J.: 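I am attaching a structure below and will ask some questions about it afterwards.
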Amino acid sequence: MSVIDTPDCVDFNDEVETALCAFDSSILVLSSVDGVQSQSITVDKQMTRYELPRLVFINNVDQKGANPWEVLNQARSKLQHHSAAVQVPIGLEDDFKGLVDLVQLKAYFFHGSNGENVVVEEVPADMDALVSEKRHELIKAVSEVDNILAEAFCSDKPIPAADLEVCW
């Protein structure tokens with residue numbers, strides 16, 4: 001595994017370009033506070049040039065000003081990504097407590113001084129509407145590239161986690 005950290009600075013373009021041609025896949029990390037920056041766009045174009053499949057990871061949901069949904073929308077509009085969330089944060093900024101897995105429909109709460117103790121629970125009732133909406137978006141996005149899932153989605157059939165996992 002190789003890691004390239006490209007702060008929002010063009011000084012690293014040549015190094016990134018050289019490294020990306022050797023990669024099989026990539027993870028594009030975006031800040032939920034800063035969103036898609038000019039260097040994010042440049043690196044994403046380089047990833048596209050080398051046809052690298054990528055996962056976008058939105059971090060810093062525990063920081064002041066965090067808005068992962070705005071960043072997801074920026075990835076769609078500025079980067080033309082066909083994307084959907086696979087997790088929903090439980091709280092933001094100082095209220096961040098964990099994540100809901102939209103595939104398994106389980107909540108993961110992080111306890112301890114550094115969140116090192118993970119407790120798995122049911123999705124909190126006050127998040128049902130948001131989780132349902134974001135899971136629907138995820139299934140819709142995946143169904144556009146998977147015929148079996150598309151048929152189930154169009155027929156309004158429930159989509160079990162096992163069927164959604166196969167698409168990954």
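It should be emphasised that the depicted structure is a prediction, and the values quoted were computed from it without experimental measurement. All heavy atoms count here, side chains included; hydrogens, waters and symmetry mates do not.
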J.: What verdict does the salt bridge (charged side-chain N to carboxylate O under 4.0 Å, His left out) test give for Glu137 and Lys140, after you've listed the backbone C-alpha separation in whole Å, the side-chain angles of each residue and the deciding distance to 0.1 Å?
T.: CA-CA 5 Å; Glu137 286 178 14; Lys140 181 180 180 196; over 6 Å; no
J.: Would you kindly confirm whether Trp69 and Leu102 end up in one hydrophobic cluster when ILVMFWY residues are joined by side chain heavy atoms under 4.5 Å apart?
T.: yes
J.: Between Ser31 and Asn60, do the side chains contain a donor N or O and an acceptor N or O under 3.5 Å apart?
T.: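 Checked: Asn60/Ser31 side chains pair up, N/O donor to acceptor below 3.5 Å.
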J.: Looking at His82 and Ala141, would you say the former's side chain and the latter's main chain have a donor-acceptor pair under 3.5 Å?
T.: yes
J.: Can you tell me if Ile27 has over 12 outside heavy atoms packed within less than 6.0 Å of its CD1?
T.: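 No, because the 6.0 Å sphere around CD1 of Ile27 holds 12 heavy atoms or fewer from other groups.
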J.: Is it true that atom CG of Asp24 has more than 12 heavy atoms of other residues, nucleotides or ligands lying nearer than 6.0 Å?
T.: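 No - once you tally the heavy atoms of other residues, nucleotides and ligands closer than 6.0 Å, there are 12 at most.
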J.: Which residues pass the side chain to side chain donor-acceptor pair (under 3.5 Å) test with Asn73, not counting sequence neighbours?
T.: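 Here the qualifying residues are Arg76.
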J.: Any side-chain to backbone donor/acceptor pair from Ser32 onto Asn59? Under 3.5 Å, distance only.
T.: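 Yes; at least one donor-acceptor contact below 3.5 Å.
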J.: Among Leu138, Val56, Leu72, exactly one meets side-chain contact (heavy atoms from CB on, under 4.5 Å) together with Ser83. Which residue is that?
T.: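 Of the listed residues Leu138, Val56, Leu72, the side-chain contact (heavy atoms from CB on, under 4.5 Å) partner of Ser83 is Leu72.
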J.: With the side chain counted from C-beta on, respond yes when Phe96 and Ile90 share a heavy-atom pair under 4.5 Å apart, and no when they do not.
T.: no
J.: For Glu133, does the CD atom sit with more than 12 other heavy atoms under 6.0 Å from it, leaving out its own atoms?
T.: yes
J.: Are the side chain of Asn114 and the backbone of Glu116 linked by a donor-acceptor contact shorter than 3.5 Å?
T.: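 Pair absent, no side-chain N/O of Asn114 close to backbone of Glu116.
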J.: Check whether any side-chain heavy atom of Leu105 sits under 4.5 Å from a side-chain heavy atom of Val131, and report yes or no.
T.: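 With C-beta onward as the side chain, the pair touches.
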J.: Please confirm whether the backbone N or O of Met47 pairs with a side-chain atom of Arg49, one donor and one acceptor, at under 3.5 Å?
T.: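 Here the side-chain-to-backbone pair does not exist.
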